[in-house]
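I have placed the structure first, in the form of structure tokens, so that the comments after it can refer back to it.
No hydrogens, no waters, no symmetry mates; every other heavy atom, side chains included, goes into these values. Read the numbers this way: they start at 1 and go in the same order the structure lists the ligands and their atoms. Along the sequence shown, the residues carry numbers beginning at 1.
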Amino acid sequence: MTTITRFAPSPTGNLHVGNIRTALHNWMLARKSGGRFVLRIDDTDAARSREEFVEAIRADLAWLGLAADGEERQSERLALYQSAFDALLDSGRIYPAYETAQELELKRKIQLGRGLPPIYDRAALQLSDADRAAKEAEGVAPHWRFKLDHDEPIEWDDGVRGKQKFDPAQLSDPVIRRADGSWLYMLPSAVDDLDMGVTQVLRGEDHVTNTAVQIQMFTALIAAQYPAAKIPAFAHEALLVGKEGKLSKRLGSLGCDSFRERDIEPEAIVALLARLGTSQPVEPIADRQVLVDTFDLSTFGRAPAKFDDTELDRLNAAIVHQMDYEAVRHRLPEGMDEAGWHAVRPNLSHVSEAGNWWKLVTGPIEQPEFSSEDRAFLSQAADLLEWGDDPWRSLTAALKEASGRKGKPLFLPLRQALTGMDHGPDMGELLPLIGEEEARARLCRAAA
Ligand code: GLU
């Protein structure tokens, strides 16, 4: 059986780091078993769904390298939901209810006041045909609830949480459709999972109760309409929290736009989110295949996963240090070649900093004031400069001999005269890039 996973965002906003993590894990799960990863746009809420968010979701997934193998849109599948609705209505699993939002709220308050859980009391099931006809005559259109079967506990073996058991009598019959005919999330999602042959539903633990309800929907739908389908396996991952351990608002708005602004590599985000909250070490692994091969739901912990920006920055630097010239050349300053990239790469936290270091090569540079001893030393350096395979090595060897200097007094004035800086990329790599003529000119200028 081919593994089919899905990522099902609602296009009511941009993806945030929690969504990205869910998308990544579903992508990895599919890749690991040579399966399919489907993007499902949950756009049944016409009022809040926006096309620009659909486009942003696609663009973000592409930027992250998590392109989907297929895409479905719920707004184009309404006929399917209608037919599932009709079948469930026929089999007695859906019933109309007429309470207003205020009435429901009042019931909830009374229950809570009595110390009871706010479970829907199923009053609508007590209505007679005449009661319903009277409501309709008053012009009250019903909303629709799915009738949970109270006979048996709902159980599943969760890929992260292990054995789960729910008493359906402790759950409200969920509203699946509004009075205006529009769909709530629960039923369309269950229909799609069966219809699209989803084998693994991997999502956040905020959906655990939904899963209990949807398992009954799956069973009812299979009986009524999808005899060949199977209930998918479920896994619910612990939520992502900020460093302080709280569900932070900031994480809810932290998305690819801000990562791009900060010049964070998608590979750094992927390496972090792939293993955050698992027992596997978070490492700067740029090779996706390694992450895919080691992806394992059984390593996921139950504790909230802590997202830490400094960890992301650290990973980013380590990823940048491994990046090949070909992968970054279009982002580098004009004229910066492969040797230039290799020279500056170890000094970067972000690719965008390459330009600052490249200026040391292209100039102009600003040199500090040198003491008269250093000026004499630098003048000696200009005389001894010779161009061979490794000009820095031969220059420093000759100067050491001629001046008797070693260590910092030998190297620092040279670096300052040649680059204007006290620190920076390896001089052995920089000097050939600066070139003989320019290097001699800089030494002479410093010596003057
Ligand atoms: N659209 C739902 C959400 O964003 C999908 C949940 C699911 O994975 O089934 O929460």
Test of ring centre spacing under 6.0 Å for [X] and [Y]:
X	Y	value
His207	Phe234	no
His143	Trp183	no
Trp156	Phe218	no
His25	Phe295	yes

Atom indices of ligand 1, in the order listed, that fall short of 4.0 Å to a heavy atom of [X]:
X	result
Ser189	9 (O)
Ala8	1 (N), 2 (C), 3 (C), 4 (O), 5 (C)
Tyr185	2 (C), 5 (C), 6 (C), 7 (C), 9 (O)
Arg6	7 (C), 8 (O), 9 (O)
Asp42	1 (N), 2 (C), 5 (C)
Ser10	1 (N), 4 (O)
Arg203	7 (C), 8 (O), 9 (O)

Note to self: Quick test: of every protein heavy atom, which one is nearest to atom 10 (O) of ligand 1, and how far off is it to 0.1 Å?
What the structure shows: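 So the nearest neighbour among protein heavy atoms is His207 NE2, 3.0 Å.
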Note to self: Under a 4.0 Å threshold between the charged nitrogen and the carboxylate oxygen, would Arg331 count as salt-bridged to Glu265?
What the structure shows: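 Salt bridge between Glu265 and Arg331, a charged N being under 4.0 Å from a carboxylate O: yes.
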Checklist line | Electrostatic pair Glu71-Arg40, nearest N-O below 4.0 angstrom | finding: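 Salt bridge flag = no for Arg40 with Glu71.
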